[in-house]
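Counting begins at 1 with the first residue of the sequence. Hydrogens, waters and symmetry mates are skipped; everything else that's a heavy atom, side chains included, is used. What you see is a predicted model, and the numbers here were worked out from it, not measured in a lab.
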Amino acid sequence: MNPHYIIFGTAAALAAAVSGCGPAKSAPSADLQADAATVVTAPESVTGGSAAVMPKAVIYRTSAPSASLVPVTVGPDGKLVSYPAPTDLGAEPAILRDGWMLDTRGISEGTRFTRWTYAQYRAMDAAPSPAEILEAILPSPAVTEIVALPTSAARTTPAMADSLIATGLPECRVIFKSEN
């Protein structure tokens, strides 16, 4: 196994172990991946019973409807950091109660939404150029809140997320909240 994976996994596990529900961060998280990681025991058939780092389920809200729009990630400098290939685009986020959505793409405070819907983007033969993507970014909606749930992304259903929302998000961690 690559020692870099072990070091990252150990750091993420430690960050998850010492963090719990806490106050909102209005500034971008220094390490959103560590904020959204949790340690779970994977089945013995997969790992021999050892602990594995799994991403937590994440819910988010936006300033305007965005569930059908393709998200991309932009850095603080305005440069494109991450975008999907049309063939890699997963499912649209599940729409939850009170304006929340269940993340399926990797939402962060750097997420911006393009004018393309999931259907339009999937129909493209190839990914647009970075310049075309930057031109397609809409001024609104913007991500306004991100919360890591106490369950893994692989096991969280929309019904489970809705139940947590209905009970005030117990044992959840706010990892981003805009100042607006």
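Across all non-hydrogen atoms, the minimal contact from Val143 to Ser108 is CG2-O, 3.9 Å. Minimum heavy-atom separation, Ala57 to Leu102: CB-CD1, 4.4 Å. The heavy-atom pair separating Tyr118 from Ala67 by the smallest distance is CE1-O, 3.6 Å. The two atoms that bring Thr156 and Leu149 nearest to each other are CG2-CD1, 4.0 Å, heavy atoms only. Nearest heavy-atom pair, Asp103 versus Arg105, reported as atom, atom and distance to 0.1 Å: OD1-N, 2.8 Å.
By the side chain to side chain donor-acceptor pair (under 3.5 Å) test, Thr144 is found to be paired with no residue, residues two or more places apart in sequence or in another chain being considered. With sequence neighbours left out, Tyr121 forms a ring pair (Phe, Tyr, Trp, His ring centres under 6.0 Å) with Trp116. Under the side chain to side chain donor-acceptor pair (under 3.5 Å) criterion, Thr62 pairs with Ser66, sequence neighbours left out.
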Using distance only, find each side-chain donor-acceptor pair of residues 161-170 under 3.5 Å and give its atom names and separation, not counting sequence neighbours.
from	atom 1	to	atom 2	distance (Å)
Asp162	OD1	Arg97	N	2.8
Thr167	OG1	Ser163	O	3.1
Thr167	OG1	Leu164	O	3.2

For residues 72-94, tabulate all N or O donor-acceptor pairs below 3.5 Å that involve a side-chain atom, not counting sequence neighbours.
from	atom 1	to	atom 2	distance (Å)
Asp77	OD1	Lys79	N	3.0

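Between Lys56 atom NZ and Cys172 atom SG the span is 8.0 Å, to the nearest 0.5 Å.
The backbone N or O of Ala142 lies less than 3.5 Å from a partner atom in the side chain of Ser63, making a donor-acceptor pair. Between the side chain of Asp98 and the backbone N or O of Trp100, no donor-acceptor pair lies under 3.5 Å.
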- Task: Go through the steps for Arg115 and Leu69 under the test side-chain contact (heavy atoms from CB on, under 4.5 Å), then give the verdict.
- Result: CA-CA 7 Å; Arg115 67 175 180 261; Leu69 301 176; over 6 Å; no

- Yes or no on side-chain contact (heavy atoms from CB on, under 4.5 Å) for Ile146 and Ile107, after CA distance, side-chain angles and deciding distance? CA-CA 8 Å; Ile146 304 172; Ile107 296 296; 4.1 Å; yes

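Counting heavy atoms from C-beta on, the side chains of Thr151 and Met160 come closer than 4.5 Å.
Connection of Leu138 to Val70 is not established within any shared hydrophobic cluster, with ILVMFWY side chains joined at heavy-atom distances below 4.5 Å, either directly or through further cluster members.
Among pairs with a residue in residues 120-148, those fulfilling salt bridge (charged side-chain N to carboxylate O under 4.0 Å, His left out) read Arg61-Glu145, Glu145-Lys177, at least two apart in sequence or across chains.
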